[in-house]
Each structure stands twice: as C-alpha cells, then as structure tokens.
Amino acid sequence: MIDCAIILAGGKGTRLASVAGSVPKVLVPVGDRPVLAHQLDLLSASGYKDVRIFAGHLAEQIEAFVGANQWPSLKIQIEVETTPLGSAGAVIKKLDRLPEHFTVLYGDTMLAVDLPRMTAFHEQQGADVTILVHPNDHPYDSDLVETDSEDRVTALHAYPHPAGACFRNIVSAALYVVQRESLRSWAGRVEKCDFAKNVFPAVLASGGCLYAYHSHEYIKDMGTPDRLKKVERDLLQGRIKVGNAATPVPVVFLDRDGTLNAENGHIRSPDKLHLLPKVAEALRLMRESGYRLVVITNQPVIARGEVSVADLAAIHQKLEWELGLDGAFLDAIFYCPHHPDSGFAGERPELKMACLCRKPATGMLDLASAEFPIDFSRSWMIGDTTIDMEFANRAGLRSILVQTGSAGRDGKFPSATPNFSVNDLMEAAEIIANASKSLSEA
Ligand SMILES: [Zn+2]
C-alpha cells in the first residue's frame, strides 16, 4: 500500500500574482478553499497517512495554514528548501528520508483522481515510475509521452518541442507514482532538476520501467489566471468528481473521414489527411457544452493490408496534433480494422471476418464504455453516411448527418434517417450545444 504523498509547493506563483498577491501558489483559493486543502482532503479520503510538503517561497504561510487546519488521519511534514532546486531537486536531496514508494503531486493542480486505483496499477506493472497521462487542449506546450501498445513508456518529450514536431496527444498531467530506488543514481546531487525534463528521461535511458496510466478523470493545473478561472468554473459546475466510475457522461461520437477530415479516397498516409474547415472550433464548442468526444471509424484498409497499424497511428498522430494546435482534442479514437470480404492482394486473413465492431454494428460502443461510463440518453452520433445513421439508430443515439464527405449519398441504409441534417460539423455542434443548454435550463 502506497500511503506517502509528496506535494511540490515550492512554486513562486509569479504568473498568479495578479490575482493572488503574495500568497504561495498552493494557498490560492479555488472556490472557498486553497487548492492545498482540496489536495489534502483527497489524500485523506484516499487512505494516505504520510504527507510531505516541499515548500520554498513563503513557506511560513503554508506552515501556518496546515497548523490551523485539521486532517487528523494525515501526518503532515513541511520541508523548507531555500535554494530553488526544481521539481525534483528538493525531493532527491531528501531521498534517504523518503519511504520505498510515494505519489508526487504538483501543488498547483486541482485533481479528482482515484489514487488507490492508480497506485494499484503501478504495483501491478512493477513500474519504477508511473505517469498519469491524458489528452489536453494544449499539447504543443505540454510534456508528452510515447508508449507501446501495452502502455509502457518508450519516449518522453518535455516541452519545449522543436519546430515541426508532431506527436500523439498523450500529455503528462504531472501526477506520478515513484519507486525511491529508481532515483538512486541521482542521490547526493544538489542541483536544480526537473522530473519531466531531466530525471525521468534519465531513468528511461538507463533501462528503467516507466508506465503511462491513462485517465479520463479531472486533473488540471491552475497556474495562470486564465486556467484558475476555468478550474473555478469547473468546481462550480460540479465537473470535479473523483473516479472513472462515478458519473456517466454524455458523449458525441464522431465519424472520421468526411466528417472531421476531407474524404480523400482511402487515407493511407498522414499527408493525405486534411481537416475540414472549423472542425477544431466545432469540437471546442461541444466540449465546452460538457461532452466527451470519441471518434469511431471503420478502417477496412487494415484488413486489406493497404495501411499498417503503425501507419494508422501516424495518421491519428497528425489528426491529434493539428487539432491540438487549434485548442481541440479527442478523448479517444476507436477503429474497426476488419473487413468481411476476401480477395484483396496483400490482405491480412486474420482480420477478414464479419466482426461486431464494423459500423453499423455497435461493438465500438463497448470499447468506449470501458473507458468511461456513458450517459446514452444525452449522447449523439455525427457522421456523413447512412451507415453512421444506422449505427445511431441501433445504438439509440440521436443522430446528425453532415453534408460534407459522402453527404448521405452512400445509399447503404436508405431508411436510416437522421434526426438532423446540416451543412457541416460546426452546425452540428451548434445543435448539440443548444440542446445541452435547454437541458440544463429545464
Ligand atoms: Zn471490426
């Protein structure tokens, strides 16, 4: 059982000075309480016993706050570091006084993560370091992670990224579970260093075992006035809730080709993928309205041997990166790699089958449901074919046909009529945003 947490509270909060004055970042209020109080509540409720707060700037205010407030189940120690040593330097300096494994939180993040579930994953994998990852709306200035299909980390890309970079939107959310001994080679050094930029890349390079823990739970930094405003709004609207399994969420399911990107024959390489106009804006509007966004796409080109799984990953990398440059992201992309008909040169016989996931079959919904609980009664499907509309009917989703791509002229399911027919994704997003508004006003 991992019951020690480190809170990195040394940040000066320079970027928050305009709203917070001379208060350390961890004492900036979110709602009616400092972010530190929210974190200590979570740690206490998650069964933690031992909390070390690594403070620097204005540490006396943190000491006074902790002294005046009660978390009876927590033993809270404050380590004061007067020389700024970066996110990792202060922790490494005290390495021998730390337990065998611990969770690391940044003091400027608001989070509602099922921590026991994450630490159980860490222990199951036998990881040296586990990093919580998720997609966000600014991957271009975030620390990014690359993984293999088993979620083992294969590369780390700390911000800033080189010009022309293009990565999957797998962002380190700056929440870690760490085995003390994985940092052993750094012991004794007193120097400024950062977990994401220096320490974890070195652990990876020396053969350490790092895992990415994918989560759709709430975790956001509030380190700028703009981000603080968003986090406060989320708190007010009840969007900060612990656990993947707690509250079903409405989802907009999206077809890919002809809906998000221009229909361009079968897309076989990233350079053939071009987003349609205003797609990122439409996705932002639907997310602002409280929806998760999940792409479900038939990719028979995999079964036919025309596109490899690696090629498809490269295509989706471009899709995610371009959306990210425009402040939009997808929660998940699911694809059906199967195809029922044989007879293509180079085909992959093991994928030639009548499967349960090729739209209009609804198998991809089960994959999405495994990621987060879905409120189907408030969910939608947007696509450009009658196959997508038939899928929506079978799944019990409200449907919107867009006049981009096939514009419903594929003729496969003529009787599958959509609930709405619109010009493009932006118009579809406006319908959904209005529907959610009238729902919340009712
Ligand atoms: Zn399939």
State whether the side chain of T109 and the backbone N or O of L111 hold a donor-acceptor pair below 3.5 Å, judged by distance alone. no
Side chain of T404, backbone of G258: donor and acceptor closer than 3.5 Å? yes
Is any side-chain heavy atom of D410 closer than 4.5 Å to one of I387? yes
Check whether T386 reaches the backbone of F413 with its side chain - one donor and one acceptor, N or O, closer than 3.5 Å. yes
For the side chain of W321 and the backbone of R168, is there at least one donor-acceptor N/O pair under 3.5 Å apart? no
Using the side-chain contact (heavy atoms from CB on, under 4.5 Å) rule, take I2 and H122 through it: C-alpha gap first, then chi angles, then the decisive distance, then the call. CA-CA 10 Å; I2 295 173; H122 173 84; 3.9 Å; yes
Atom pair CD/OG of E288 and S436 - distance to nearest 0.5 Å: 10.5 Å
Under 3.5 Å, side chain of D384 to main-chain N/O of V402, donor-acceptor pair present? no
Among Y211, F200, F102, Y213, whose ring-ring contact (aromatic ring centres under 6.0 Å, His included) with Y176 holds? F200
Could you pull out the closest heavy-atom pair between I7 and Q39, with the gap in Å? CG2-OE1, 3.5 Å
I'd like to check K230 versus M222 (side-chain heavy atoms, cut-off strictly below 4.5 Å). Are they in contact? no
Which atom pair, heavy atoms only, marks the closest approach of D194 to A196? OD2-N, 3.0 Å
Between S406 and T385, is there a side-chain donor-acceptor contact under 3.5 Å, judged purely by atom types and distance? no
What's the shortest heavy-atom distance between L273 and K318, and which atoms? O-NZ, 2.9 Å
Between K278 and E427, is there a side-chain N and carboxylate O pair less than 4.0 Å apart? no
Side-chain donor or acceptor of D114 paired with backbone N/O of R117 under 3.5 Å: yes
Under 3.5 Å, is there a donor-acceptor pair between the side chain of E320 and the main chain of I170? no
Looking only at the side chains, is there a donor atom on one of D148 and T154 sitting less than 3.5 Å from an acceptor on the other? no
Do D271 and S269 have side-chain atoms, one donor and one acceptor, less than 3.5 Å apart? yes
All pairs passing side chain to side chain donor-acceptor pair (under 3.5 Å) where residues 349-360 contributes a residue, at least two apart: D255-K359, H339-K352, R348-E350, K359-D388
With a 4.0 Å cut-off on N to O distance, would you call E306 and R304 a salt bridge? yes
Does a sphere of radius 6.0 Å around CD in Q237 hold more than 12 heavy atoms from other residues, nucleotides or ligands, not counting ones at 6.0 Å or beyond? yes
Would you check if L319 and I333 make a side-chain contact, meaning some heavy-atom pair closer than 4.5 Å? yes
Will you find, in the side chains of S421 and Q403, an N or O donor that is under 3.5 Å from an N or O acceptor? yes
Once the angle between the rings of F420 and W380 is folded into 0 to 90°, is it parallel (under 30°), tilted (30 to 60°) or perpendicular (over 60°)? tilted
Within this structure, what is the CG-OG1 distance for the pair D151 and T130, rounded to the nearest 0.5 Å? 10.5 Å
Output yes when E281 and R284 qualify as a salt bridge under the 4.0 Å nitrogen-oxygen rule, no when they do not. no
Could you tell me if D41 and H38 have a donor-acceptor pair between their side chains, going purely by distance under 3.5 Å? no
Under 3.5 Å, is there a donor on one side chain and an acceptor on the other for T103 and Y48? yes
What residue among K25, K220, R227 forms salt bridge (Lys or Arg N to Asp or Glu O under 4.0 Å) with D108? K25
Pair D331 + R287: basic N to acidic O under 4.0 Å: yes
Is there a side-chain contact between R233 and R239 in this structure, where contact means two heavy atoms from C-beta onward sitting under 4.5 Å apart? yes
Shortest non-hydrogen contact from A202 to W186? CB-CZ2, 3.5 Å
Taking 4.0 angstrom as the limit, do E100 and R180 come out as a salt bridge? no
Just checking, is any N or O donor in the side chain of H157 or D143 under 3.5 Å from an acceptor N or O on the other one? no
Classify the side-chain pair D234/Y218 by whether it contains a donor and acceptor separated by less than 3.5 Å. yes
Hey, mind stepping through K229 and E232 against salt bridge (charged side-chain N to carboxylate O under 4.0 Å, His left out) and telling me if it holds? CA-CA 5 Å; K229 216 187 285 172; E232 289 208 288; over 6 Å; no
Looking only at side chains, do S308 and D311 share a donor and an acceptor under 3.5 Å apart? yes
For a 4.5 angstrom cut-off between non-hydrogen side-chain atoms, does D3 reach T119? no
Intermediate values then yes/no, ring pair (Phe, Tyr, Trp, His ring centres under 6.0 Å), Y140 and H161: CA-CA 7 Å; Y140 50 83; H161 305 297; 9.0 Å; no
Give the intermediate values and the outcome of side-chain contact (heavy atoms from CB on, under 4.5 Å) for residues V294 and E371. CA-CA 11 Å; V294 174; E371 298 263 324; over 6 Å; no
Taking everything shown except L325 itself, do over 12 heavy atoms lie less than 6.0 Å from its CG? yes
Is any side-chain heavy atom of L365 closer than 4.5 Å to a side-chain heavy atom of F253? yes
